[in-house]
Structures are given as structure tokens and as C-alpha cells.
Trainee: 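Got a structure for you, questions after.
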Amino acid sequence: MKEQIKDTLYSVAEEVLEKLAFIFSFPEDERDQIDFDSAVAARVSFIGPFKGTLVMIVSTQALPELTGNMLGLENNEETTTEQQYDAVKELINVICGNLLPSIAGKETVFNVDPPEIVKYTDDVLKPFSAENGKPAEPASVARLDLDEGECDLFLFVDGQLPESAD
Amino acid sequence: MAINVLIVDDSGVMRAMILKSLHMSGLPLGDVHQAANGQEGLDALNQHWTDLVIVDINMPVMNGEEMIDRMRQSNETKDIPIVVISTEGSKTRLEKLKQKGAAFIHKPFSPETIRDTIRNVMKLGGDDEGTN
Ligand SMILES: [Mg+2]
């Protein structure tokens with residue numbers, strides 16, 4: 001089950017990055033975590049057959065191309081920080097929306113909160129550890145290399161995952 | 001006939017992507033207005049003559065489902081064709097949207113899907129000729 005979710009996280013993330021932002025990505029499962037000092041983090045929480053949060057961290061250097069591609073800008077046109085944040089939020093929103101039915105099945109209904117940017121990237125993985133005092137273990141992690149920069153995804157699940165996915 | 005479109009999505013980047021797809025589609029576009037949630041969308045419908053509404057589901061303030069319900073309750077807006085563009089993957093929810101008479105496009109989408117779906121709901125015919 002855990003392997004299956006990881007595969008799904010990778011394939012959904014790769015597909016959405018390619019189709020929405022025209023960015024090719026490559027799985028790099030073994031590499032180190034992104035350097036938080038030069039990255040932007042976003043998260044989206046959801047509740048349904050299971051409850052949790054998806055966190056996405058993207059290198060700052062990847063943002064101009066990613067955002068420009070989504071907006072359909074020419075190469076030399078600049079994007080604002082606000083546009084870049086909006087692009088990351090919509091990416092994680094679409095990844096999450098596609099991920100959940102892939103894991104839990106198409107009959108299930110999830111309520112997904114609006115995505116948000118987390119300013120202090122250091123804290124982004126901490127809130128999940130507060131609840132029972134134990135460090136949070138993501139149910140799944142995907143590490144992707146992009147043309148420029150990197151992208152990490154962390155899927156946190158509260159409680160138990162369903163037994164099987166279809 | 002030029003189609004006046006209202007695009008409702010909380011993401012400005014997504015609205016820009018949809019607008020770009022509309023421009024690429026070859027569809028005869030009239031005025032295009034934008035709104036960031038369902039409430040703003042209803043306000044825009046009050047102000048501008050609209051032939052087609054493209055609406056997201058997950059939005060703050062008022063979500064797309066409620067906006068569609070309100071549109072269907074009002075005589076002025078109940079017959080406006082609606083295309084939902086959303087990440088929604090639940091069959092249960094999609095079935096409900098269909099019952100409300102909305103067409104559905106899944107994110108991420110291709111410009112062709114947008115063009116073909118709009119042609120369908122606007123009854124513009126299926127081929128590349130004769131629509132402009
Ligand atoms: Mg949205």
C-alpha cells in the first residue's frame with residue numbers, strides 16, 4: 001500500500017507539472033531534501049475517507065519558468081512574487097485533487113481546503129508533529145528534479161489509510 | 001455571434017490559463033470578465049450580459065456548486081450554459097453537477113478539451129469550420 005501511494009504521488013505530480021506548467025520532472029528519491037532557504041512551500045489540507053495535508057516545496061529558481069509557462073508569457077517577461085505564489089498554490093491544488101481519488105477511489109468524496117503559502121519554510125513540516133508529541137512521519141514523499149531546481153512533496157495522513165485502493 | 005464569457009476561479013494564474021485557451025480555441029469571443037469566487041461571479045452576472053460561465057468548484061467565500069445553484073434559481077441566469085473546470089475527481093460530485101446541467105472539464109486540461117466542450121454546450125457544431 002505504501003509503495004503504491006508513493007508511485008501514485010510521483011505519477012500524479014509528474015503529470016500535473018507537465019500538463020499544467022509544461023515542466024518535465026524526474027524522480028530523485030534518494031537525494032537530500034530541498035534547501036528550505038531558497039524555496040517556497042505551500043500546503044493544502046483535506047478531509048474525506050481519510051484526513052491529512054499535502055505539502056509542496058519548490059526551489060525559488062524554478063518559479064519564474066514554471067509561472068511564466070502557466071501564464072503563457074514570453075521568455076523575457078517577468079513574473080511577480082504574487083503570480084509565483086499563485087502558480088504554486090494552483091499546482092498543489094491540482095496535484096491534491098488528482099491524488100486523492102487515485103488513492104481512495106473515484107466514488108469517494110473529499111473536501112479540499114484552499115491551498116496556502118507557508119512563509120516560514122522551516123515550520124512547514126512541524127505542525128504535524130505537535131498533535132501527539134511524536135515527530136510527524138509523512139505517509140509518502142516524492143522528490144523530483146526539475147530543469148531548474150527541485151520539487152518535494154510530502155503527504156501527511158492523520159490516522160489510518162484505507163486498506164486498499166482501486 | 002460573439003460569446004461573452006465569465007471566468008470564475010480563485011486562482012489568477014488558472015484564469016489566465018483558461019483565457020489563453022479560449023484565445024487559442026478559435027471560438028468567437030466577445031467580452032471576457034473574471035471573478036475570484038462564486039459571490040463575485042454572481043455580481044458580475046448582474047452587471048454584464050453573459051453567454052457562458054466557466055467556473056471552478058473549490059473557491060473561498062462561495063464555491064462553484066453554490067454559485068451554480070443560485071444561477072439556476074434566478075430567471076435571468078438559469079439558462080446560461082455552464083462549464084465547470086475543476087480538479088474534482090469524485091463520481092458522486094460529478095453526477096450532481098451533471099444533474100444541474102453543467103459540463104465538466106478536469107484539471108489539468110488541454111486547450112482542445114476546452115474548445116470542444118464549449119462548442120458542445122454552446123451548440124456550435126463539432127468541426128473546425130463554420131463557427132467563426
Ligand atoms: Mg480553486
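For the numbers below, each heavy atom of this structure counts, side chains included, while hydrogens, waters and symmetry mates do not. Labels below follow one simple rule: chain letters A, B, ... track the order of the sequence lines, proteins then strands, and each chain is numbered from 1.
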Trainee: Any chance you could measure B:Ser90, atom OG, to A:Lys106, atom NZ, to the nearest 0.5 Å?
Mentor: 10.0 Å

Trainee: Can you tell me if A:Phe24 has over 12 outside heavy atoms packed within less than 6.0 Å of its CZ?
Mentor: no

Trainee: Under a 4.5 Å heavy-atom cutoff, which of B:Ser86, B:Gly12, B:Pro60 has the most pairs with chain A?
Mentor: B:Gly12

Trainee: Would a single hydrophobic cluster contain both A:Phe110 and A:Leu155, if residues Ile, Leu, Val, Met, Phe, Trp and Tyr are joined by side-chain heavy-atom contacts under 4.5 Å?
Mentor: yes

Trainee: Quick check on side-chain contact (heavy atoms from CB on, under 4.5 Å): which of A:Leu71, A:Leu20, A:Asn69 does B:Met17 satisfy it with?
Mentor: A:Leu20

Trainee: Roughly how far apart are A:Asp113 CG and B:Asn58 CG, rounded to 0.5 Å?
Mentor: 8.5 Å

Trainee: Mind checking whether B:Val121 and B:Val55 sit in one hydrophobic cluster, side chains of I, L, V, M, F, W, Y counted as touching below 4.5 Å?
Mentor: no

Trainee: Residue by residue, which of residues 96-110 of chain B have a heavy atom closer than 4.5 Å to a heavy atom belonging to chain A?
Mentor: B:His106, B:Lys107, B:Pro108

Trainee: Using the rule that Ile, Leu, Val, Met, Phe, Trp and Tyr join whenever any side-chain heavy atoms are under 4.5 Å apart, tell me whether B:Met14 and A:Leu73 fall into a single cluster.
Mentor: yes

Trainee: Heavy-atom pairs under 4.5 Å with chain A are the metric here; pick the option from B:Lys20, B:Glu88, B:Arg93 that has the most.
Mentor: B:Arg93

Trainee: Would you list the pairs meeting salt bridge (Lys or Arg N to Asp or Glu O under 4.0 Å) in which at least one residue belongs to residues 67-88 of chain A, sequence neighbours left out?
Mentor: none

Trainee: Please check if A:Ile95 and A:Val157 belong to a single hydrophobic cluster, counting links between Ile, Leu, Val, Met, Phe, Trp and Tyr side chain heavy atoms closer than 4.5 Å.
Mentor: yes

Trainee: Is B:Val13 linked to B:Leu22 within one hydrophobic cluster, defined over Ile, Leu, Val, Met, Phe, Trp and Tyr using a side-chain heavy-atom separation of less than 4.5 Å?
Mentor: yes

